[in-house]
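Quick note on labels: first sequence line is chain A, next is B, and so on, each numbered from 1.
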Amino acid sequence: MALATVGVGAEPGARVSKGPGARPRSSGARQFAKALPFIGPSMVGVALFLVVPVIFVFVLSFMSWSGAGSFTWAGIQNWTSIFQFDNAAHSLGVTAYYVLLNIPLQTVLALGLAVMLNRKRRGMAFFRVLYVAPYLSTPVAMALIWFWVFQPQSGAADRFLGLFGITGPAWLESSLWAMPVVAAVNIWQYLGFNMLFFYAGLQGIPPSLYEAAQLDGASKWSQFWRISLPLLNPTMLFVLITDVIGSFQVFDTLYVLTSGGPGTSTQVMSIQIYNVGFQGTRYGEAAALSVLLFGVILVFSVGQFLFFKNRTTYEY
Amino acid sequence: MTTVAIPAPAQAATPPRSQLARKAFQAGKLTVFYGVLTIVGLAFIVPYIFAVFGSLKPESSILTTPPWVPPMHPAWSNYPNAFLSDPEVATGFGRYMLNTAIVTVALTTGQVFFSMLGAYGFARLRFPGREAIFWVYLATLMVPNIVTIIPLYTEMHYFHMVNTYWGVFLPYSLGTPYTIFLMRQFFKNIPQEVIDAARIDGAGDFGVLTRVVAPLSRPVLITAGLIAFVFSWNNFLWPLVIMGSQSHYLLTNGLANFNAGPGAAGYLNLEMVGALITLVPMLVLFVVFNRYIVRSIQLTSGK
């Protein structure tokens, strides 16, 4: 690496460093100065737009700010008011409900599709591409189309049910149905994406394992439970953690489909943060809600990580 | 006990049948298999078809005809109408598209270029604090986006960047930890001899990066560009909070604004045009760069 000082930046007469003792004090600073044009921009970006906001959100959660003017100290007032006034417990419950509707079904379906597509048959690549298309489709645009599908009477869902003489519920205007519809739309959007991870995982399992199991008389079913599933453990961990983190933050689809309604029946944490902050201009309380959500996400990620970490991973 | 012949289990499980019956059974299994895949596929395709049909229906029939019935007399005028800016209709997708294009080009260029610089620094240069700084970068990956929306808005308010294009793309344009991480892995694997050769030819660090490292890293640069492009094109919440006035709306914001417009659901046909012009560039990208997208997924999962 001593070669690195040859070339640009080397002042006339500057000696090429031969060892650590050659330029004891300035060499570190010099190296840093040389690296700065490369790492400088991203350091500014990470500091200003990631590190400072993370620290600031904690500070802001103890302050009062209305979107203009000065900040005033609020103490723990924001924290008490998000529970007493904004009913954050309700939003937490709604968020948990959404995650529960979303994750298990999504994971099972994605795994099922991956298993189906993981064979050497004609057209598998075509179906794989087809199923991933929603993932690359702008969520807001798709949510708008689904909004239309679930319009009472005129929407495709009710018209289709009408063919069989069934009158559909007023999907998005019903506090019973709104959340399952939102979850279904999100599952539709991300199913193919998750399927790809499982597919990649399945492709990584050596066929010899299945051949051996076949010789031992194992059925396809037990091959799946005894070989595929245990070996997919790392993939499962990755998919579940990213999906749970993503689900806790769901915003785009929900904003378009229900905006948290009817009433507050689909008001998840992210929608509440938006409403309290940008609609209610109570940024201190919104910051407190953000910190709360951050905490919940961290606890779940660490929990899932530990759960899967303690299970055996197999080397093959 | 040790050398028991293996009974062929497949035959044991299914009693021997005539060749014809077995063939029919196989064919039936295949039909069910492809049937299921096709039905699932239909569920994935149908919304797009509704949108295409709906975008060509006149206002009078968008809600009165079933969405799966193609338009009898396609209302081609919906397309120019949706593009034009008309405050009454609250849809000016031409303007929104221009805004989205400006922001996306700026964000993608900035993010790829500055991430490339940063990744080179962390992969190929030696300086004090390198590991510590990189560790901070990685730690920020743990922070969910939604958590920083409020403080980031407060910050942008003090930078006077609310309701500006800069406000939308700047936070994501100076290089992002994730992309730097991806590129760094790639840059590290470039053989030192190739770089030394360029240095002997008199190239400095920047020359090495642009003339040797970047050309050799095309796949990861394209992947990074795709990640940035898709992120910017689909971005909704951040532009929603930072863009106050409608003339600054991005496509996503314009689409979501249909509820607030005076026409609400009545203008669904124009909204479907908007949805399609938002979706088409993504789908084209998907078809053209299919290989790289699958690759980016593999990179993400760390396999």
Side-chain angles (χ1 to χ4, degrees), chain A residues 1 3 6-9 28 31-32 35 38-39 41-42 44-46 49-51 53-54 56-57 60 116 127 129-131 133-134 136-142 144-146 148 154 156 159 196-197 200 204 215 217 238 245 249 251-252 255-256 270 273 277-278 283 286-287 290 293-294 297, chain B residues 6 9 37 41 44 47 50-51 63 66-67 114-115 117-118 120-122 125-128 133 137 140 143-148 150-152 154-155 171 174-175 177 180 196 199 202-205 230 233-234 236-237 241 252 255-256 265 268 271 275 278-279 282-283 286 290 297-298 301 303:
Chain A
M1 278 313 271
L3 249 164
V6 178
V8 104
Q31 282 178 329
F32 199 82
F38 293 92
I39 58 166
S42 63
V44 170
V46 169
F49 304 122
L50 287 166
V51 176
V54 169
F56 188 52
V57 74
L60 192 59
M116 279 191 84
F127 283 110
V129 169
L130 181 66
Y131 295 167
L136 288 144
S137 304
T138 311
V140 171
M142 291 324 303
L144 188 67
I145 299 172
W146 286 112
W148 176 34
S154 61
R159 281 179 187 277
L196 270 192
F197 287 110
L215 288 181
F238 177 82
I245 292 176
Q249 300 186 71
F251 186 87
D252 299 11
Y255 182 90
V256 173
S270 60
I273 291 170
F278 300 104
Y283 291 90
S290 306
L293 179 59
F294 191 16
I297 292 176
Chain B
I6 300 136
L37 287 184
F44 278 97
F50 289 170
L63 291 177
F114 290 120
S115 296
L117 288 183
Y120 182 81
F122 287 108
L125 298 179
R126 198 176 274 191
F127 54 91
I133 296 169
Y137 278 33
T140 61
V143 181
N145 244 331
I146 182 85
V147 171
T148 54
I150 296 280
L152 201 53
T154 314
E155 235 181 290
L174 290 176
I180 290 173
D196 289 343
R199 285 194 190 284
D205 279 319
V230 172
W233 195 269
N234 292 346
F236 173 63
L237 175 56
V241 302
T252 48
L255 283 173
L268 261 174
E271 288 290 336
T278 309
L279 291 173
M282 284 294 104
L283 294 177
F286 179 44
N290 184 16
I297 287 170
Q298 283 160 349
S301 70
K303 262 248 160 173

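- The ring-ring contact (aromatic ring centres under 6.0 Å, His included) test applied to A:Phe294 returns no partner, not counting sequence neighbours.
- Heavy-atom distances place no part of B:Ser115 under 4.5 Å from chain A, backbone and side chain included.
- With a 4.5 angstrom heavy-atom cutoff, B:Phe44 touches chain A via backbone and side-chain atoms both.
- By the side-chain hydrogen bond (donor to acceptor under 3.5 Å, both in side chains) test, A:Ser42 pairs with B:Tyr137, sequence neighbours left out.
- Of the options B:Thr140, B:Ile180, B:Leu174, a side chain to side chain contact (heavy atoms under 4.5 Å, CB included) to A:Val46 is made by B:Thr140 and by none of the others.
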Intermediate values then yes/no, side-chain contact (heavy atoms from CB on, under 4.5 Å), B:Leu37 and A:Tyr131: CA-CA 10 Å; B:Leu37 287 184; A:Tyr131 295 167; 3.3 Å; yes
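- With a 4.5 Å cut-off on non-hydrogen atoms, A:Phe32 touches chain B through its backbone and its side chain both.
- Contact annotation: the side chain of B:Phe236 never approaches that of A:Pro139 to less than 4.5 Å [non-hydrogen atoms, C-beta and beyond].
- For the pair A:Gln249 (side chain) and B:Asn145 (backbone), a donor-acceptor distance under 3.5 Å is present.
- A pairwise comparison of heavy atoms in B:Pro151 and A:Phe56 identifies CB-CD2, 3.7 Å as the closest pair.
- Under the 4.5 Å side-chain criterion, counting only non-hydrogen atoms from C-beta, A:Met142 is in contact with B:Leu279.
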Kindly indicate, with the supporting measurements, whether the criterion side-chain contact (heavy atoms from CB on, under 4.5 Å) is fulfilled by B:Val143 and A:Leu50. CA-CA 8 Å; B:Val143 181; A:Leu50 287 166; 5.6 Å; no
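- Both the backbone and the side chain of B:Ile146 come within contact range of chain A, each with at least one heavy atom under 4.5 Å from a heavy atom of that chain.
- For A:Leu60, the part lying under 4.5 angstrom from a heavy atom of chain B is the side chain only.
- Only the side chain of A:Phe251 comes within less than 4.5 Å of a heavy atom in chain B; its backbone stays farther off.
- Interface remark: A:Ile39 contributes backbone and side-chain atoms alike to the contact with chain B (heavy atom separation under 4.5 Å).
- Inter-residue side-chain proximity for B:Thr148 and A:Phe49 is flagged as unmet; no heavy-atom pair is nearer than 4.5 Å.
- Both the backbone and the side chain of A:Val57 come within contact range of chain B, judged by heavy atoms closer than 4.5 Å.
- Between A:Ala35 and B:Phe127, the shortest heavy-atom distance links the atoms CB-CD2, 3.4 Å.
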